[in-house]
Amino acid sequence: MKLIVCEKDLAARRIADILSGGTNWEEKSHTIPIYKFSQSGEEFRILGLKGHILQVDYPEEYNNWRKVEPRELIFKQLVKVPINKNVINALKKAARDAHSAIIATDFDREGELIGMDAVGVIREVNPGLEIKRARYSAITRSEIQQTFQNLEEPYEHLAEAGRARQEIDLIWGAVLTRFISLTSTRLWDNFLSVGRVQSPTLVLLVQRELEIRDFKPTPYWQIKVRLKDGGEEFEAFHKTRRFLRKEEAEEVFARLGEEGLVTSIREVERKKAPPAPMNTTVLLSSAAKLGLSPASAMNIAEGLYMRGLISYPRVDNTVFPPSIDIRGVLLTLKASPQFRKMAEELIASKRFVPTRGKKQSTDHPPIYPTDGASKEKLSPQEWKVYELVTRHFLATLAEEALQMTMQVDIDISGEPFYISGSRIVREGWLRYLPYFKSADVILPQLKEGEKVQVLNKEILAKETQPPPRYTQGRLVEKMEELGLGTKSTRHSIIKSLYDRGYVVGNPLVPRETGIAVASTLIKHAQKISSPEMTAELEQDMDRIVEGLHQKDQVVGRSREMLDEIMEVMEKEREEIAADIRNGVREDEVVGKCRTCGKDLRIKRARKSRKRFVGCSGYPQCTEAYPLPQKGKIRSTDEVCPDCGTLRITVINKGRRPWKLCLDPECPTKKELVGSGRKSKRGEN
DNA sequence: GCAAGGTC
């Protein structure tokens with residue numbers, strides 16, 4: 001029996017179909033599907049893993065954070081532990097009966113690592129097994145058939161590069177996470193984390209926040225006039241969009257007479273190209289514009305993919321391979337009542353060539369609908385994502401949109417004014433993807449040389465605005481630009497910043513705890529506060545792949561570097577502890593006290609160690625409220641209209657966050673507590 | 001209870 005090991009069930013199923021010509025059947029082993037078939041007297045079994053099967057970890061004796069100095073962890077031996085017992089058992093069982101195995105995981109760094117981990121498990125039960133590697137970059141009939149006739153050897157170096165990443169990420173993550181959590185005594189539910197990807201992402205947000213806080217607005221002035229042409233009234237602005245001196249604006253203002261002259265009208269037709277095909281980043285950033293967090297958009301997309309409604313959602317590629325039958329996709333979309341007409345239109349106009357994006361890879365096609373769904377059969381959020389994917393796909397087939405833009409120049413007493421407008425003259429792809437369509441600005445019918453009447457003039461005092469905060473959608477894009485995280489992890493990295501209490505809201509606003517942690521890392525562990533650590537790791541991994549470096553050299557150097565950082569951080573322990581505690585303390589403020597106006601904050605009772613909300617004016621002010629003893633507490637700026645006390649959010653693991661009035665006697669309390677029933681999926 | 005990377 002030949003055993004073929006794939007990275008995921010989808011690949012196993014499709015490869016089985018191709019190699020067997022559709023004669024394979026499915027059996028379950030330890031709940032894992034295995035595809036079987038026979039060919040020229042040989043029996044085949046194809047097994048799909050669920051991604052990584054092992055993870056690196058510290059041996060159990062180091063589990064207690066308080067009993068181990070974080071710095072000691074740096075040079076400790078790491079172990080690998082199974083992630084999913086069913087997968088391992090199914091793999092072992094199949095390996096026992098096999099006389100050879102073929103590793104057919106994705107051909108990339110993590111895929112090779114997954115494959116080599118599988119080889120390790122296989123060898124435990126069947127040491128002499130012959131092992132080959134099937135290298136393919138797309139699951140198409142021709143490529144799979146060819147690949148399996150030209151098997152290769154495993155790429156040990158590639159897997160080693162993956163191991164280096166695993167080890168470095170765990171060592172830096174564990175040591176620094178424990179160190180800052182222990183020094184600031186933020187433990188268990190409230191621990192503070194540090195990581196190669198999450199920390200530079202947090203720093204990005206914090207630096208923007210500090211820029212906003214430091215921002216000094218510059219005043220400027222605009223001149224606006226109200227004009228009349230025949231019956232129509234309209235507004236025009238002075239061409240000096242920003243007068244930096246008020247006097248200057250006033251001088252111009254004083255000169256303006258009661259009549260203006262249309263000096264020129266320019267019309268320009270602009271082409272708006274349809275979007276490139278959708279990859280994960282585009283899916284997440286578009287979904288964010290529709291109000292879905294990247295984490296829930298990804299979750300929902302995963303579910304739609306599992307139900308066969310959209311293609312694989314984790315992809316960088318933005319170029320459709322020729323193997324995708326675009327016309328066929330449109331035909332299946334006719335099964336959707338909501339999209340039947342649009343699909344028919346595109347079929348009738350024979351538009352079967354999609355746009356091409358800049359990122360081309362062959363592992364998966366861009367995200368597209370694989371079946372026609374109907375709105376009634378999906379939840380509102382599922383429909384939102386399905387609709388987005390489908391509309392985006394249709395847009396990539398449609399013709400470009402045309403927008404007419406107009407600028408009219410008007411002279412008033414020698415001063416230049418303008419009005420500008422635009423309108424869509426051909427909808428093209430915007431018809432399918434109307435979410436982000438800009439509204440038309442229609443101008444009055446004017447002619448060059450025409451006179452207009454000045455009805456009114458006005459000086460507007462304005463100020464320059466600080467840079468905007470990152471929205472979740474923009475952050476996903478920025479992370480991709482900086483090389484932080486991957487298509488599969490960015491959404492979860494962002495979610496963990498919320499879970500740690502580093503940020504709130506969308507756009508993301510850092511809390512004081514997040515600012516304190518970021519500032520500490522910038523100051524004392526610069527390395528892990530910037531995207532450069534990832535960039536350098538990538539270079540080191542390339543050298544491992546080329547055989548120029550060994551994994552242990554790279555990890556060893558990284559350990560030394562961390563040790564030097566930790567030596568300094570240990571010396572500065574008191575200062576670091578104070579900085580982070582100050583940040584944490586500020587976030588413990590729930591709001592203002594109703595009685596005395598001072599801060600209400602989360603405190604702990606001396607004797608019982610139970611937490612409660614008390615007034616910082618104690619003992620003069622004795623305002624106090626009980627708190628649930630479990631779960632994370634976050635303040636809100638809401639005040640209950642019934643009892644008049646502040647509301648807080650309580651977050652318990654695996655449950656939907658619930659809001660609670662501080663006053664335990666509040667009449668609305670029962671209803672609020674009871675609202676945690678409906679769904680596990682919460683929006684941030 | 002640590003990270004980030006796969007995948008469900």
Side-chain angles (χ1 to χ4, degrees), chain A residues 6-12 31-33 48-60 62-68 70 72-74 76 78 80-81 83-84 86-87 105-106 108-118 159 161-182 186-202 280 298-307 312-315 363-364 479 483-497 499-500 528 533-534 537-538 541 558 562 632 653:
Chain A
C6 300
E7 188 160 321
K8 46 188 168 281
D9 181 61
L10 166 85
T31 76
I32 308 298
L49 305 172
K50 296 180 177 183
H52 289 280
I53 57 174
L54 303 179
Q55 73 181 128
V56 285
D57 206 349
Y58 282 98
E60 258 187 75
Y62 306 118
N63 278 356
N64 188 333
W65 292 19
R66 310 193 87 133
K67 289 191 175 154
V68 188
E72 279 178 32
L73 293 175
I74 299 176
K76 292 285 185 244
L78 300 172
K80 291 199 100 171
V81 295
I83 295 171
N84 181 321
N86 284 334
V87 173
T105 46
D106 297 354
D108 54 30
R109 199 194 301 135
E110 299 297 332
E112 202 64 28
L113 172 56
I114 292 166
M116 287 296 97
D117 281 348
R163 292 199 175 102
R165 182 205 55 73
Q166 275 189 325
E167 293 179 10
I168 288 171
D169 280 342
L170 176 65
I171 296 166
W172 283 71
V175 169
L176 289 169
T177 292
R178 289 192 190 189
F179 179 80
I180 61 158
S181 296
L182 285 163
R186 293 272 295 190
L187 296 165
W188 301 105
D189 268 2
N190 294 315
F191 77 92
L192 302 172
S193 60
V194 178
R196 172 176 58 83
V197 177
Q198 62 168 273
S199 296
T201 307
L202 175 63
T280 305
M298 207 55 206
N299 220 324
I300 293 164
E302 178 73 39
L304 294 172
Y305 154 68
M306 284 306 201
R307 290 158 67 176
Y312 191 68
R314 287 182 279 263
V315 54
D363 45 358
H364 300 284
M479 289 174 76
L484 289 172
T486 73
K487 57 187 184 291
S488 314
T489 60
R490 287 181 196 118
H491 67 279
S492 62
I493 297 278
I494 294 175
K495 186 173 179 296
S496 69
L497 296 181
D499 291 345
R500 295 290 171 272
I528 207 166
M533 180 164 172
T534 295
L537 179 61
E538 289 288 342
M541 288 192 291
S558 189
L562 177 58
K632 295 179 201 171
K653 233 187 211 167

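Numbered from 1 within each chain, the chains take letters A, B, ... in sequence-line order.
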Next item on the list: Mind checking A:Gly162 for me? I need base, sugar-phosphate or nothing, with any heavy atom below 4.0 Å counting as a touch.
Entry: nothing

Notebook entry, point to check: Does the side chain of A:Lys8 get closer than 4.0 angstrom to OP1 or OP2 of B:dT7 through an N or O atom?
Noted result: yes

Notebook entry, point to check: Side-chain N or O of A:Ser488 less than 4.0 angstrom from OP1 or OP2 on B:dG6?
Noted result: yes

Next item on the list: Can you figure out which of B:dG1, B:dC2, B:dC8 approaches the side chain of A:Asp57 most closely?
Entry: B:dC2

Checklist line | Interatomic distance, A:His364 NE2 vs B:dG6 P [rounded to whole Å] | finding: 11 Å

Note to self: When you measure from the side chain of A:Arg490 to the backbone of A:Leu484, do you find a donor-acceptor pair of N or O atoms at a distance under 3.5 Å?
What the structure shows: yes

Checklist line | B:dA3 phosphate, OP1 or OP2, under 4.0 Å from A:Gln198 side-chain N/O | finding: yes

Next item on the list: Determine: side-chain N/O of A:Arg66 to OP1/OP2 of B:dC2, distance under 4.0 Å, yes or no.
Entry: no

Check: How close or far is atom C1' of B:dC2 from atom CG of A:Asn190, stated in whole angstroms?
Finding: 15 Å

Checklist line | A:Met298 CE - B:dG5 P separation (whole Å) | finding: 14 Å

Notebook entry, point to check: Side chain of A:Ala174: nearest nucleotide among B:dC2, B:dG6, B:dG1?
Noted result: B:dC2

Next item on the list: Looking only at side-chain atoms of A:Val197, point me to the closest of B:dG5, B:dA3, B:dC8.
Entry: B:dG5

Margin query: Nearest whole Å is fine: how far is B:dC8 C1' from A:Tyr305 OH?
Written below: 10 Å

Next item on the list: Determine the contact category for A:Ile493: base if any of its heavy atoms lies under 4.0 Å from a base atom, sugar-phosphate if only primed atoms, P, OP1 or OP2 are that close, otherwise nothing.
Entry: sugar-phosphate

Next item on the list: Could you work out which one of B:dT7, B:dC8, B:dC2 sits closest to the side chain of A:Lys50?
Entry: B:dC8

Margin query: Whether A:Arg178 contacts B:dA3 is assessed here as follows: a side-chain N or O lying under 4.0 Å from the phosphate OP1 or OP2. Is that the case?
Written below: no

Margin query: Expressed as a whole number of angstroms, how long is the span from A:Glu302:CD to B:dG6:C1'?
Written below: 11 Å

Notebook entry, point to check: Should A:Ser496 be listed as having a side-chain N or O under 4.0 Å from OP1 or OP2 of B:dA3?
Noted result: no

Next item on the list: Assign A:Leu187 to base, sugar-phosphate, or nothing according to its heavy-atom contacts below 4.0 angstrom with the strands shown.
Entry: base

Notebook entry, point to check: Roughly, in whole Å, what's the span from CD1 in A:Ile171 to C1' in B:dA4?
Noted result: 13 Å

Next item on the list: Identify whether any heavy atom of A:Asp189 sits under 4.0 Å from a base atom; if not, whether one sits that close to sugar-phosphate; answer base, sugar-phosphate or nothing.
Entry: nothing

Next item on the list: Would you kindly compare A:Arg186 and A:Asp106 by the position of their nearest DNA chain B nucleotide and give the one closer to the 5′ end?
Entry: A:Arg186

Notebook entry, point to check: Can any side-chain N or O of A:Tyr58 pair as donor or acceptor with the backbone N or O of A:Lys76 at less than 3.5 Å?
Noted result: no

Margin query: What's A:Gly173 touching, base or sugar-phosphate or nothing? Going by heavy atoms closer than 4.0 Å.
Written below: sugar-phosphate

Check: Does A:Leu192 reach the side chain of A:Arg500, with side-chain heavy atoms less than 4.5 Å apart?
Finding: no

Notebook entry, point to check: Are OP1 or OP2 of B:dC2 and a side-chain N or O of A:Tyr62 less than 4.0 angstrom apart?
Noted result: no

Next item on the list: Assign A:Thr489 to base, sugar-phosphate, or nothing according to its heavy-atom contacts below 4.0 angstrom with the strands shown.
Entry: base

Check: Quick one: is B:dG1 close enough that its OP1 or OP2 comes under 4.0 Å of any side-chain N or O from A:Ser193?
Finding: no

Next item on the list: Check every strand shown and say whether A:Val175 touches a base, only sugar-phosphate, or nothing at a heavy-atom separation below 4.0 Å.
Entry: nothing

Check: To the nearest angstrom, how far is A:His491 atom NE2 from B:dA3 atom P?
Finding: 15 Å

Notebook entry, point to check: Taking atom C1' of B:dG5 as reference, at what distance in whole Å does atom CE of A:Met479 sit?
Noted result: 13 Å

Next item on the list: Look at A:Arg500 and B:dA3 and indicate whether a side-chain polar atom (N or O) is within less than 4.0 Å of OP1 or OP2.
Entry: yes

Checklist line | Any donor-acceptor pair under 3.5 Å from A:Thr177 side chain to A:Gly173 backbone | finding: yes

Check: Under 4.0 Å: is that the gap between some side-chain N or O of A:Arg165 and OP1 or OP2 of B:dG5?
Finding: no

Item checked: Chi angles and distances behind the salt bridge (Lys or Arg N to Asp or Glu O under 4.0 Å) call for A:Arg178, A:Glu72 -> CA-CA 11 Å; A:Arg178 289 192 190 189; A:Glu72 279 178 32; over 6 Å; no

Next item on the list: Among B:dG6, B:dG1, B:dA3, find the nucleotide with the atom closest to the side chain of A:Ile114.
Entry: B:dG6

Check: Side chains of A:Thr280 and A:Arg314: donor-acceptor distance under 3.5 Å anywhere?
Finding: no

Margin query: Tell me whether A:Trp172 and B:dA3 count as stacked here, given that the ring centres must be under 5.5 Å apart and the planes must differ by less than 30 degrees.
Written below: no

Notebook entry, point to check: Between the side chain of A:Thr105 and the main-chain N/O of A:Cys6, is any donor-acceptor distance below 3.5 Å?
Noted result: no

Notebook entry, point to check: If you find the nucleotide of DNA chain B closest to A:Glu7 and the one closest to A:Leu73, which residue's nucleotide is nearer the 5' end?
Noted result: A:Leu73

Item checked: Nucleotide of B:dT7, B:dG6, B:dC2 approaching A:Arg314 most closely (side-chain heavy atoms) -> B:dT7

Next item on the list: For residues A:Ile493 and A:Gln198, report the shortest heavy-atom separation together with the two atoms involved.
Entry: CG2-CA, 3.8 Å

Next item on the list: Looking only at side-chain atoms of A:Phe191, point me to the closest of B:dG5, B:dG1, B:dC8.
Entry: B:dG1

